[in-house]
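Worksheet: the structure to be examined is printed underneath.
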Amino acid sequence: MEKLLDLVIPRRCAACGARGEPCCARCGRVWGAVREVWRVPTAGVVRVFALARYSGVGRRLLIAYKERGRRDLAPSLGRALAEALVELPLGPARAEVAASAGAARVGPSGSVALPARGSASGGLAQLAAPSRSICLVPAPSRPSASRVRGGPHIERLANATARILATHGIEASVAPALELAGGARDAVGLNRAERLANLSGRLRFREAGRPPPGHPVVVLDDVVTTGATAAACARALAAAGVTVSAVLTLLSAG
């Protein structure tokens, strides 16, 4: 059926309109090396990493996925996150993975420096299976926003990421451990203080989604702006006894 639809309505890149894939190879290069993002609310709370700035191609891809119904972008965005996850400094287990990969090198601060993405020898294909799984906790969306978007869009990304990791022998679980109460406002346009107030008492831990013990936990989100959401997620999990190793986002803004 999918091939038939492609004949009738050819798929186009959500960023540039090129026929073929939801995200063409050229636009997919927007997801560069993982870089650490510093924000006041996350300082001393959790390390935050992003793949690109909130502009240009990356912005167009995210808006298409998040607001314009391009759920077919989930696999390509998930792959970008999966490749980033193997680079994050999540502790000794990640260094062991890098050592077993041969071509990978341990970089500063315990991060894993990999060959350039998109090369025949780089990325996920170079990694051996880690000795323990990674647990992905999606940042929650407002219930009203999830209904409009056809479900929690970050949880969908987390599931796509976990599937891609699994195909490369890297076990990953998804734990929807956080929820946002219905009274929360849309964060677009809010400053740091307003975002913190907006989340206060509304971002809650879900016991039913508790991450399995003993696994590195990474919170996934689409954009880090002021860092208020990243910090609130880390604190809510910490209050429930869950240590967050890092927050990973597609884009950074602000």
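Quantities reported herein were computed from a predicted structural model and do not represent experimental measurements. Just the heavy atoms: all of them, side chains too, but no hydrogens, waters or symmetry mates, feed the values below.
Between the side chain of H168 and the backbone N or O of I164 there is at least one donor-acceptor pair closer than 3.5 Å.
Residues forming a side chain to side chain contact (heavy atoms under 4.5 Å, CB included) with A234 (at least two apart in sequence, or on another chain): V45, V46, V244. Taking R206 as the reference, P176, E179, A208 meet the side chain to side chain contact (heavy atoms under 4.5 Å, CB included) condition, with sequence neighbours excluded. Residues passing the side chain to side chain contact (heavy atoms under 4.5 Å, CB included) test with A43, sequence neighbours excluded: W38. A search for salt bridge (charged side-chain N to carboxylate O under 4.0 Å, His left out) contacts involving R60 returns nothing, not counting sequence neighbours. In this view, R70 and D72 satisfy the side chain to side chain donor-acceptor pair (under 3.5 Å) rule, not counting sequence neighbours. Under the salt bridge (charged side-chain N to carboxylate O under 4.0 Å, His left out) criterion, E155 pairs with no residue at all, not counting sequence neighbours.
The shortest heavy-atom contact between L61 and A15 is CD2-CB, 3.7 Å. L73 approaches A64 most closely through the heavy-atom pair CD1-CB, 4.0 Å. Closest of all the heavy-atom pairs between C16 and C24 is SG-SG, 3.7 Å. Across every non-hydrogen atom of A246 and L88, the tightest pair is CB-CD1, 4.2 Å. Considering all non-hydrogen atoms of both residues, A230 and V48 come closest at CB-CG2, 4.1 Å. Between W31 and L250, the shortest heavy-atom distance links the atoms CZ3-O, 3.7 Å.
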### Message
Go through it in stages, so that I can follow the logic: the residues are R68 and I63, the test is side chain to side chain contact (heavy atoms under 4.5 Å, CB included), and I'd like the CA-CA distance, side-chain angles, deciding distance and then a yes or no.
### Response
CA-CA 7 Å; R68 296 178 182 166; I63 289 176; 3.8 Å; yes
### Task
Would you sort out whether V247 and T42 count as a side chain to side chain contact (heavy atoms under 4.5 Å, CB included), showing the intermediate values?
CA-CA 10 Å; V247 174; T42 59; over 6 Å; no
### Task
Give the intermediate values and the outcome of side chain to side chain contact (heavy atoms under 4.5 Å, CB included) for residues V218 and L90.
CA-CA 9 Å; V218 177; L90 301 182; 3.9 Å; yes
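Taking 4.5 Å as the limit, every side-chain heavy atom of P152 sits out of range of all side-chain heavy atoms of P140. With contacts defined as side-chain heavy-atom distances shorter than 4.5 Å, the pair L178/L203 qualifies. At a threshold of 4.5 Å between non-hydrogen side-chain atoms, the residues R11 and P22 count as touching. Inter-residue side-chain proximity for L180 and S141 is flagged as unmet; no heavy-atom pair is nearer than 4.5 Å. T249 places none of its side-chain heavy atoms less than 4.5 Å from the side chain of L220. Contact check for Y65 versus L77: side-chain heavy atoms found under the 4.5 Å cut-off. At least one side-chain heavy atom of L237 sits under 4.5 Å from a side-chain heavy atom of F205.
Here the SG atom belonging to C135 is positioned 11.0 Å from the CZ atom belonging to R210, to the nearest 0.5 angstrom. Atom CZ of R156 sits about 5.5 Å away from atom CZ of R71, to the nearest 0.5 Å. Taking CG of N159 as the reference point, atom CG of L136 lies at 9.0 Å (rounded to 0.5 Å). One finds the CG atom of L248 at 9.5 Å from the CG atom of D221 (value rounded to the nearest 0.5 Å). For the atom pair L62 CG and D222 CG, the distance stands at 5.0 Å (nearest 0.5 Å). With values rounded to the nearest 0.5 angstrom, H215 atom NE2 is found 14.0 Å from T243 atom OG1.
For the residue pair S252/R35, the side-chain donor-acceptor check at 3.5 Å is satisfied.
Residue-environment remark: CZ (R39) exceeds the threshold of 12 foreign heavy atoms within 6.0 Å.
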